[in-house]
Amino acid sequence: MIIDALDQTWQVWARLGEELTDDEWTRPTRLPSWTVKDVYTHCSPFPSATLAGIEAPSPDAPVSHDDAADLLSFMQRPGGVAEQTAELLKESATTRSRTMSSDELVAQFATVAPQAIDRLRETDLERTVHYGGFAVVPAREALRIFVMEGVVHYLDIAAALDRELPGPMAGEALKVTIRLLAETADPVALIDAATGRSDAPVFPVMR
């Protein structure tokens, strides 16, 4: 169940933040010029955004993307949303990283996230929500992206700290992420590459 996967993901982030030392917060990651704290800050708004999204009325606009893979493919098009907003997202994360304490960041996962999970368990996940200010998707599909973001960026931090991978993200959260990334790839190219029938480039599907 997607809510269980999201719950797992955010619990891992809460424990991670509570365990980080002052030195570890400042470590560089494999994302150029992003520290551990920058990456953690980038992910920290997801619980509050989820809570706000499910408490707001559903959008009047029609669904723009039926599923998460379709939305990710749209965002990752050359010159598309992901490329256009990359520097803005980085600037936002690094600016908030300098102004927010680690305790404030961890509280998003330790305090706000459980509240959001409780509300999600009472929510019809087929209802629509805004995503990123430019899309309307079923809530279930937005949650799939939140899980994927949490897993991918946890691996960024874990790699920077030489922690075992996938570590506590093993299980449903990891499976949700793998499925979503596979769905985002060109299906025929993925099958041919995975079975050794082609060496045509399939990845990355995200940058």
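Numbering of residues begins at 1 and proceeds along the displayed sequence.
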Under 3.5 Å, side chain of Glu18 to main-chain N/O of Trp13, donor-acceptor pair present?
no
Hey, mind stepping through Cys43 and Phe109 against side-chain contact (heavy atoms from CB on, under 4.5 Å) and telling me if it holds?
CA-CA 10 Å; Cys43 291; Phe109 295 104; 4.2 Å; yes
Using atom types as modelled and distance alone, determine if a side-chain donor or acceptor of Trp34 lies under 3.5 Å from a backbone N or O of Pro28.
no
Those residues at least two apart in sequence (or on a different chain) that pass side chain to side chain contact (heavy atoms under 4.5 Å, CB included) with Asp22 are none
Salt-bridge test for Glu19 and Arg163: reply yes if a basic N is under 4.0 Å from a carboxylate O, no otherwise.
yes
Report the C-alpha distance between His65 and Tyr131 in whole Å, list the side-chain angles of each, state the deciding distance to 0.1 Å, and finish with yes or no for side-chain contact (heavy atoms from CB on, under 4.5 Å).
CA-CA 10 Å; His65 301 85; Tyr131 185 92; over 6 Å; no
Checking Thr9 side chain against Ala5 main chain: does a donor-acceptor pair fall under 3.5 Å?
yes
Pairwise salt bridge (charged side-chain N to carboxylate O under 4.0 Å, His left out) hits with a residue in residues 24-48, at least two apart
Asp23-Arg27, Arg30-Asp156
For the pair Met148 and Met206, evaluate side-chain contact (heavy atoms from CB on, under 4.5 Å) and give the outcome as yes or no after the intermediate values.
CA-CA 11 Å; Met148 182 271 295; Met206 292 186 61; 3.5 Å; yes
Straight-line distance of Gln115 CD to Glu55 CD, nearest 0.5 Å:
9.0 Å
Keeping to residues at least two apart or across chains, list the ring-ring contact (aromatic ring centres under 6.0 Å, His included) pairs with something in residues 76-95.
none
Pro168 backbone acceptor or donor facing Gln8 side chain under 3.5 Å
yes
Would a distance-only check, ignoring hydrogens and angles, find a side-chain to backbone donor-acceptor pair under 3.5 Å from Thr99 to Arg96?
yes
With the 4.5 Å side-chain cut-off for hydrophobic clustering, are Val81 and Val205 part of the same group?
yes
Any Lys/Arg nitrogen of Arg179 or Glu172 sitting under 4.0 Å from an Asp/Glu carboxylate oxygen of the other?
yes
Applying side chain to side chain donor-acceptor pair (under 3.5 Å), name anything that partners Asp70, two or more places apart in sequence or on another chain.
none
Can you tell me if Asp124 has over 12 outside heavy atoms packed within less than 6.0 Å of its CG?
yes
Got a donor-acceptor contact below 3.5 angstrom from the Arg127 side chain to the Ile54 backbone?
yes
A side-chain contact here means heavy atoms from C-beta on lying under 4.5 Å apart; do Thr177 and Val152 qualify?
yes
Taking Leu31's backbone N and O only, do any of them form a donor-acceptor pair with Thr29's side chain (distance below 3.5 Å, no angle check)?
yes
Output for pair (Ile117 CD1, Thr50 OG1), nearest 0.5 Å, gives 7.5 Å
Got a sec, which pairs hit ring-ring contact (aromatic ring centres under 6.0 Å, His included) with one end in residues 145-198, sequence neighbours left out?
His42-His153, Phe46-Phe146
Nearest-0.5 Å distance, OG1 of residue Thr95 to CE of residue Met100
12.5 Å
Between atom CG of Leu6 and atom CD1 of Ile145, what is the distance when rounded to the nearest 0.5 Å?
12.0 Å
Drop me the distance from Leu155's CG to Leu174's CG, to the nearest 0.5 angstrom.
7.5 Å
Mind listing the closest non-hydrogen atom pair of Leu180 and Ala68 along with its distance?
CD1-CB, 3.6 Å
Sub-3.5 Å donor-acceptor pair from the side chain of Thr94 to the main-chain atoms of Glu91, do we have one?
yes
Taking every heavy atom of Val129 against every heavy atom of Gly53, the minimum-distance pair comes out as CG1-O, 4.1 Å
Are Phe203 and Leu181 close enough, and set up right, to give a side-chain contact (heavy atoms from CB on, under 4.5 Å), and what steps lead you there?
CA-CA 10 Å; Phe203 301 112; Leu181 293 175; 5.8 Å; no
Look up atom CD1 in Ile178 and atom CD in Glu183, then write down how far apart they are to the nearest 0.5 Å.
12.0 Å
Check whether the side chains of Gln11 and Asp7 place a donor and an acceptor atom closer than 3.5 Å, and report yes or no.
yes
Only distances under 3.5 Å count here; give the side-chain donor-acceptor pairs of residues 185-195 to other protein atoms, sequence neighbours excluded, each with its distance to 0.1 Å.
| residue | atom | partner | partner atom | Å |
| --- | --- | --- | --- | --- |
| Asp186 | OD1 | Val188 | N | 3.3 |
| Asp186 | OD1 | Ala189 | N | 2.8 |
| Thr195 | OG1 | Ile191 | O | 2.7 |
| Thr195 | OG1 | Asp192 | O | 3.4 |
| Thr195 | OG1 | Arg197 | NH1 | 3.1 |

Basic-acidic side-chain contact under 4.0 Å: Arg144, Glu141
yes
Any side-chain to backbone donor/acceptor pair from Ser101 onto Glu104? Under 3.5 Å, distance only.
yes
Answer yes or no: is there a donor N or O on one side and an acceptor on the other, between the side chain of Ser44 and the main chain of Thr41, under 3.5 Å?
yes
